[in-house]
Amino acid sequence: MDATAGQLLWMYEKMIEIREYEETMARVYLEGKLPPKIQKGLAFDIGAGPVPGEMHLAAGQEPVAVGVCAHLRQDDTVVGAHRPHHFAIAKGVDLDAMTAEMFGKDTGLGRGKGGHMHLFDPAVKFSCGGIVGAGAPQACGAALAAKKLGRDSVAVAFFGEGAANQGAFHEALNLAALWKLPVVFVVEDNKYGISVEKSASTAIASNADRAAGYGMPGVLVERNDALAVFKAAGMAVARARRGEGPTLIEVKTDRYFGHFQGDPETYRPKGEAKELRQHDPIPALGTLVRDLGLLDASSDASLRERLAARVQAAYDFGRNSPYPRPEDALLHVFAE
Amino acid sequence: MTTATPAKARTLTMAQAISEATAQEMERDPRVFVMGEDVGKYGGIFSATTGLLDKFGPDRVMDTPISETGFMGAALGAAAEGLRPISELMFVDFFGVCFDQIYNHIAKNHYMSGGACKYPLVITTGIGGGYNDAAQHSQCLYSIFAHVPGLKVVVPSNAYDAKGLMTTAIRDDNPVVFLYHKGIMGLSWMSYFEGSTNEVPEEPYALPFGEARVVREGSDVTIVTLSQMVQKSLVAAEELAAEGISAEIVDLRTLVPLDRATVLKSVAKTGRLLVADEDYLSYGLSGEIAALVAEHLDTVRLKAPVRRLAVPDVPIPFSRPLEQFAIPQVDNLVASVRGLMNAKVY
């Protein structure tokens with residue numbers, strides 16, 4: 001399945017938007033967290049600044065999100081994990097409300113109750129969570145609902161290679177295959193589960209091989225390349241939509257930042273992140289779309305300008321939105 | 001019983017009542033479906049889903065693999081899409097293999113979404129000991145579910161309440177944990193307290209959450225309790241009456257929401273409180289009720305210190321004499337109340 005001109009441009013645009021979003025967050029996140037504003041002896045204060053708490057960024061992993069989401073409709077479900085921004089943006093989550101959530105604002109997706117790891121946008125059927133592997137069974141439930149309701153929508157669960165060693169992953173794969181659910185499991189192999197290399201956590205080299213144990217197709221995408229992901233995901237989504245059941249895809253991808261911002265990354269060979277950026281998938285796709293005549297240098301530049309402005313507007317919205325009233329902490333435990 | 005008995009009432013076991021409520025809601029609402037281990041052909045190990053497969057077929061009454069994390073997560077995912085799953089956790093003791101889905105996701109997602117997402121699902125589960133099933137199949141654990149914000153917790157003591165509360169649970173837009181004690185289900189293979197099998201109207205009805213029921217009025221002492229312990233307390237109250245002690249019994253029925261007003265009103269009337277609980281003693285329901293009264297000593301006057309009767313912080317043992325010792329029995333209830341009658345506060 002080849003990508004259409006529209007799909008190529010969409011993937012390119014979304015990758016730029018995601019990268020711009022993550023690079024901006026890397027800067028904004030540091031505000032207020034570094035000396036001299038904080039206590040003596042502290043190098044960094046995770047709870048300070050306008051965007052407090054943990055922050056897991058996905059720069060470098062854009063191909064996984066766009067290559068899969070290019071095949072999805074608004075009524076398809078995506079369940080992401082703790083590093084969710086690229087999936088959320090590719091699925092069309094409201095950028096302003098998502099950003100406001102990270103600032104803890106009342107205009108945020110969760111009115112400040114979730115933060116960056118817990119984003120819920122029912123309008124585009126997106127959710128994510130901070131527990132490794134937990135999304136896989138939930139995607140099965142969405143797929144089960146689609147089947148019961150006679151819809152041809154599908155569900156996608158995205159998670160890291162570390163999640164493939166969780167019981168939830170294996171239970172979900174069995175359930176999906178057993179019930180022939182329209183679900184696609186996508187493993188992002190960014191090589192590290194925080195600091196532990198895949199070779200030290202996982203008994204086999206490719207999680208795609210685990211699919212055979214559940215009687216479903218397993219596909220390994222060996223390059224961090226949007227088109228390669230697009231191709232694998234296209235087959236998997238189409239198969240699910242036809243009612244033929246689940247697929248497991250593993251994509252070898254690159255994490256440019258640490259596990260979280262502030263990660264000293266002592267477990268990584270020096271210069272590794274810099275080296276990974278030499279194989280940045282965004283310029284590669286840019287070259288392709290320009291070679292195909294879909295974009296010229298000046299429209300590329302204006303596209304980047306427009307996306308940077310869009311991202312900046314989301315950050316401005318988040319920053320300038322009001323906080324919830326403190327006592328609103330008591331709301332929304334139960335639906336009325 | 002506070003409700004007038006309609007013409008069509010029959011006597012049902014609690015298991016039959018739960019199954020009937022489920023069937024009626026499944027007829028009323030096509031979004032409702034049941035899944036869990038052995039809920040289909042077997043009809044539920046504790047008969048909570050008996051007859052449903054024949055009536056609704058395997059698409060709406062789904063046997064699952066022994067994968068509690070898998071199907072609890074799937075229940076959440078299906079609820080998020082607008083279905084209304086009833087997901088059975090065979091024994092509450094098995095919560096350990098799937099609690100992440102329950103307490104980190106099912107309980108919290110509505111809150112973390114700022115109210116944007118709803119998860120209307122019911123988790124049914126069997127609780128309780130008394131039949132020598134030992135430490136991994138005999139616990140109550142309702143306090144653990146009640147401790148986590150975001151879960152409604154229902155613990156019925158009889159068939160009439162079970163049907164009405166199950167109906168409410170299925171209609172609720174929130175996650176509800178519905179815990180039925182095996183020793184009051186009226187099973188043909190486990191002795192049970194007959195008080196739990198009672199008259200149940202055929203037509204659907206819903207009982208509100210957060211309304212405790214005074215199942216026996218009395219003037220000397222209040223026994224706050226729930227589930228099978230209500231039936232034990234009723235037996236104990238008869239013995240006490242013979243000694244001239246008048247016990248009032250409050251059946252909490254739901255722990256979340258908790259009907260604090262009814263507890264306080266009763267204790268204010270009798271001046272003496274025994275909390276009778278089949279869960280572990282420490283950090284649980286009995287402490288919660290005791291704290292509630294302690295926080296209201298400006299309006300509630302106690303004649304004796306609060307007493308708690310619960311499992312004395314040991315796993316449930318297997319051997320009959322050990323188990324009978326660990327789980328509060330009718331005799332223990334009687335003795336505790338006698339002790340209360342002789343105690344004084346300064």
Side-chain angles (χ1 to χ4, degrees), chain A residues 77 79 97 101 106 108-115 117-123 125 127 129-131 133-149 151 153 155 157 166-176 178-179 181 183 324 328-329 331-336, chain B residues 30-33 35 58-60 62-85 87 97-98 100-121 148-152 172-176 209 256-257:
Chain A
T77 296
V79 185
E101 185 60 25
D106 198 38
L109 286 172
R111 307 192 65 177
K113 293 199 165 87
M117 273 190 284
H118 317 101
L119 303 169
F120 297 83
D121 190 350
K125 297 200 172 187
S127 67
I131 306 295
Q138 296 166 11
C140 289
L144 177 66
K147 206 172 162 171
K148 283 184 180 297
L149 295 166
R151 299 174 182 156
S153 54
Q166 277 280 21
F169 166 83
H170 295 275
E171 292 189 19
L173 259 66
N174 181 60
L175 211 59
L178 178 73
W179 291 344
L181 298 176
V183 58
D328 287 353
L331 304 178
H332 305 127
V333 177
F334 291 110
E336 292 309 319
Chain B
R31 299 171 298 174
V32 179
F33 71 102
M35 62 176 162
D59 284 348
R60 293 184 71 194
M62 305 175 72
D63 277 326
T64 62
I66 304 171
S67 303
E68 288 86 354
T69 291
F71 70 78
M72 286 298 167
L76 180 157
E81 301 285 330
L83 297 184
R84 304 180 82 85
S87 189
V97 295
C98 61
D100 177 59
Q101 291 294 338
I102 297 172
Y103 91 109
N104 261 329
H105 305 269
I106 290 170
K108 294 173 183 167
N109 278 8
H110 175 72
Y111 184 81
M112 292 197 297
S113 75
C117 301
K118 287 180 183 173
Y119 303 89
L121 63 91
V148 176
L151 300 172
K152 294 189 178 180
D172 201 296
D173 277 343
N174 294 284
V176 179
F209 289 172
V256 182

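Atoms considered below: every heavy atom in the structure, side chains included; atoms not considered: hydrogens, waters and symmetry mates. Order of the sequence lines fixes the chain letters, A, B, ..., with proteins taken first and strands second; residue numbering starts at 1 for each chain.
Across all their heavy atoms, Asn174(B) and Ala335(A) have their closest contact at OD1-N, 2.6 Å. Leu83(B) and Lys148(A) get closest at one heavy-atom pair: CD1-CD, 3.7 Å.
Using a 4.5 Å cut-off between heavy atoms, Leu151(B) touches chain A through its backbone atoms (N, CA, C, O) alone. No part of Met72(B) comes within reach of chain A, as not one of its non-hydrogen atoms sits under 4.5 angstrom from that chain. Only the backbone of Leu331(A) comes within less than 4.5 Å of a heavy atom of chain B; no side-chain atom from C-beta onward does. With a 4.5 angstrom heavy-atom cutoff, Val148(B) does not touch chain A via any of its atoms. In this structure, the portions of Asn109(B) lying under 4.5 Å from any heavy atom of chain A include both its backbone and its side chain. For Ala80(B), no part sits under 4.5 Å from any heavy atom of chain A, backbone or side chain. Contact annotation for Lys152(B): both backbone and side-chain heavy atoms come within less than 4.5 Å of a heavy atom of chain A.
Contact check for Asn174(A) versus Pro65(B): side-chain heavy atoms found under the 4.5 Å cut-off. Inter-residue side-chain proximity for Thr69(B) and Gln166(A) is flagged as unmet; no heavy-atom pair is nearer than 4.5 Å. Using a 4.5 Å cut-off on side-chain heavy atoms (C-beta onward), Gln101(B) and Gln138(A) make contact.
A donor-acceptor pair is defined here as one N or O able to donate and one able to accept, closer than 3.5 Å; no such pair exists between the side chain of Tyr111(B) and the backbone of Gly110(A).
Under a cut-off of 6.0 angstrom, the local environment of CD1 in Ile66(B) is sparse, with at most 12 non-hydrogen atoms contributed by other residues, nucleotides or ligands.
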